[in-house]
Amino acid sequence: MSRKRSTAWFAAFIAAAVAVVTVALPVIAHENNATSAVKSRINSDPSFARSKAPTHHTPKPGRPATKGTPSARPATKSPRTPAAKPTPSAPPVTAPTIPVIDQAAAGPAIAGPCRGVTIEPGDDAASIVSAGAAGTTFCFAAGVHRIGTTIRPKARQVLASASRAVLTGSVPLTGWTRDGDRWVVRGVLPAAYGKTGQCEDNLANICHLREQVFVDGAHLTRVAKLASVAPGSFYADYAADALYVGSNPAGHAVEMSKTATAIESAATGVVVRGLTIEHFASAPQAGAVVSGPQWKVTANDVRWNHAVGVMLVKADKTRVEKNLIHHNGQLGLGQYSSAAATITRNVISENNTDGFWVADWESGGIKSTRSSGTVSNNVIKANLGVGMWADVADDGRVISGNKITGNAADGIRYEISRNGVIENNVITGNGFGRGRGSGTSLWDGGGINVNTSTGVTIRGNSVSGNVNGITVQSRTRGAGPWGAYVLRDIAVTGNTVTMTGGTQATGIVQNTAAPVPTGEVEFSGNRYVLDALGAKRFAKAGTKLTADGWQDAGLDTVSTFLAN
């Protein structure tokens, strides 16, 4: 029923709903950019705005019905079991508080002891580990370990430190000479190499270049031409094998990342614990740490690597827990072709320092492709890209209990995938990035964005202050491992969505070639906090709607709408 026809019980709703809901606070490798396939804001079908309530979820008189959802979905779509909606005399049920990690409870400080074969700074760590038997524990002593060759552990080996050892892929740069108002060192660069990845600045197109430069630990900004070199920046001339900086390096420690990867192996059951892993010149879509199956990557600080901090590749049942993963050049964590992985209680922040495309490429916090598992109880904040992105044939992904805040693109994006559960997350202040492909319409996303996916439940989340609230998109996206990618079987229930400024909206958009059949998207039992009840904070296939219009279109017929 429409809100206009429910005033008798709506007053009771308002009194009971003043409190804010309390909720918890990939890929990548070998995948092309999926989002850019069809990101058109035109050709939406206005006739969809006139469709009414879902026919196969029509509530019986006196007993509104809604979709129930298991906590994790099977690999194939199965019908939801109907469950009773809240009666009109009570607001939607609030979600439980789920604790999330903070920076004091993650990283090498909580790694614990290490007993095993000691590796000292200056030792050839790769050779020592290679010579050890499967199951050996290696303890990295305090200090800086320069890793010139990737460490490739055997099954069940442990690479750990109880004393905050630093594994670095950089080399010191010496022998500088003055060159006008710049300084130059020669003979330190690799041969020129090909370009991969997509940059925010697609004209200069330099994000693919892997070497980073650090002065006294501070990251310099790469520029595209010699004339642009200034204090705080550097330029690499690969043809001349010359590297330029804009400040006098005398008396300072200047380093350049050189080794591509710190640790990588397909062996089973490896443990990586208590290490600081930094300054690796990883290629776009590649990681400083590349995990195999059943690894435990815990209590590390993974930072300032050129591309991905931690990358899971065919890493079934791997667990990534209580790490600090920050300031990596492209992405904090990636997951590719890895089933049943667990990513929990990490702080993943401020990634994409090297200028990869913010709106639509693999930059930001976490991205997963052709994988499954749980992303829970993490803090995912201030990344220049999407906070958590399940893309290209993810199947059975649960995103639960995270605090996702201040990311430049969507807080959560669930794209051309299926069988997802997005529940009990706190999602605030996301989607305000500026630049190529960024915008404010429902085509651009919001706090939660479901794009051409099937069997997705969004429940119990607190979504506030994002560029948009919850956006559901149907696009023409081709086919995947289970057939055509389509938007079907979407349930949005029991969420609190706050939209009080700018052009914020919640709603559904579709391409003309990808119409959504009636009844495949259901909004029910949600609570909305708006700047005004008459504000057009909702949209359906290109038509902006007030709360009344939204309900008259068959959405949120039993939900709460509050003026802030």
Side-chain angles (χ1 to χ4, degrees), residues 124-126 144-151 166-262 264 277-288 290 303-309 327-331 352-356 363:
D124 183 343
V144 174
H145 297 251
R146 297 200 180 275
I147 306 301
T149 302
T150 299
I151 300 168
V166 175
L167 274 56
T168 181
S170 65
V171 294
L173 298 181
T174 59
W176 296 91
T177 59
R178 187 156 190 162
D179 180 69
D181 56 358
R182 301 174 292 261
W183 285 260
V184 62
V185 62
R186 302 180 186 278
V188 297
L189 292 171
Y193 45 84
K195 298 179 180 180
T196 59
Q198 295 193 36
C199 307
E200 179 67 29
D201 180 352
N202 61 340
L203 298 178
N205 196 27
I206 56 175
C207 68
H208 73 282
L209 296 170
R210 305 167 194 173
E211 289 72 36
Q212 297 169 301
V213 177
F214 302 87
V215 176
D216 297 332
H219 175 267
L220 300 189
T221 300
R222 181 189 287 271
V223 295
K225 53 188 178 180
L226 181 59
S228 299
V229 173
S233 68
F234 77 99
Y235 170 71
D237 184 338
Y238 290 86
D241 196 1
L243 189 144
Y244 298 84
V245 297
S247 298
N248 189 349
H252 299 278
V254 185
E255 300 187 7
M256 182 188 75
S257 57
K258 184 176 181 180
T259 307
T261 306
E264 180 175 8
I277 299 168
E278 64 180 21
H279 301 181
F280 284 86
S282 42
Q285 300 181 308
V290 183
R303 64 193 190 190
W304 295 114
N305 303 290
H306 174 62
V308 185
H327 290 101
N328 294 288
Q330 177 199 338
L331 186 70
N352 190 15
T353 60
D354 283 356
F356 289 86
S363 63

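Residue numbers start at 1 and run along the sequence shown. Keep in mind that what you see is a predicted model, and the values were worked out from it rather than measured.
For the pair Q285 and A307, the tightest heavy-atom approach, listed with the atom from each and the gap, is N-CB, 4.1 Å. Closest non-hydrogen pair, V223 versus Y235, comes out as O-CD1, 3.5 Å. Of all heavy-atom pairs between A126 and T150, the closest is CB-O, 3.7 Å. Across A242 and L189, no two heavy atoms sit closer than the pair O-CD1, 3.5 Å. Summarising the geometry of T168 relative to H279, their closest heavy-atom pair is OG1-CB, 3.5 Å, with the distance given to 0.1 Å. Smallest separation of non-hydrogen atoms from W183 and D181: CZ3-O, 3.8 Å.
A donor-acceptor pair is defined here as one N or O able to donate and one able to accept, closer than 3.5 Å; no such pair exists between the side chain of N305 and the backbone of G329.
Checked against D354 for a side chain to side chain donor-acceptor pair (under 3.5 Å), the options Q330, R210, Q212, R222 give a single hit: Q212. For the ring-ring contact (aromatic ring centres under 6.0 Å, His included) criterion with H306, the lone passing option out of F214, F280, F356 is F356.
Counting only heavy atoms from C-beta outward, the side chains of Y244 and S233 never approach each other to under 4.5 Å. A heavy-atom distance below 4.5 Å is found between the side chains of L167 and I151. Between L226 and R182 there is a side-chain heavy-atom pair separated by less than 4.5 Å.
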List the steps, then state whether side-chain contact (heavy atoms from CB on, under 4.5 Å) holds for V254 with V213.
CA-CA 7 Å; V254 185; V213 177; 4.0 Å; yes
Pair R146, E255 - check side-chain contact (heavy atoms from CB on, under 4.5 Å), show working.
CA-CA 11 Å; R146 297 200 180 275; E255 300 187 7; 3.0 Å; yes
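Contacts classified as disulfide (SG to SG under 2.5 Å) and involving residues 179-239 (residues at least two apart or in different chains) are given here: C199-C207.
In this pair, H327 and W304 present their aromatic rings parallel. The plane angle is below 30°, not in the 30 to 60° band.
Atom CD1 of I277 is separated from atom CD1 of I147 by 9.0 Å, given to the nearest 0.5 angstrom. Within the model, atoms CG of L203 and CD of E200 stand 11.0 Å from one another, a figure rounded to the nearest 0.5 Å. With rounding to the nearest 0.5 angstrom, the OG1 atom of T353 is 7.0 Å from the CG atom of N328.
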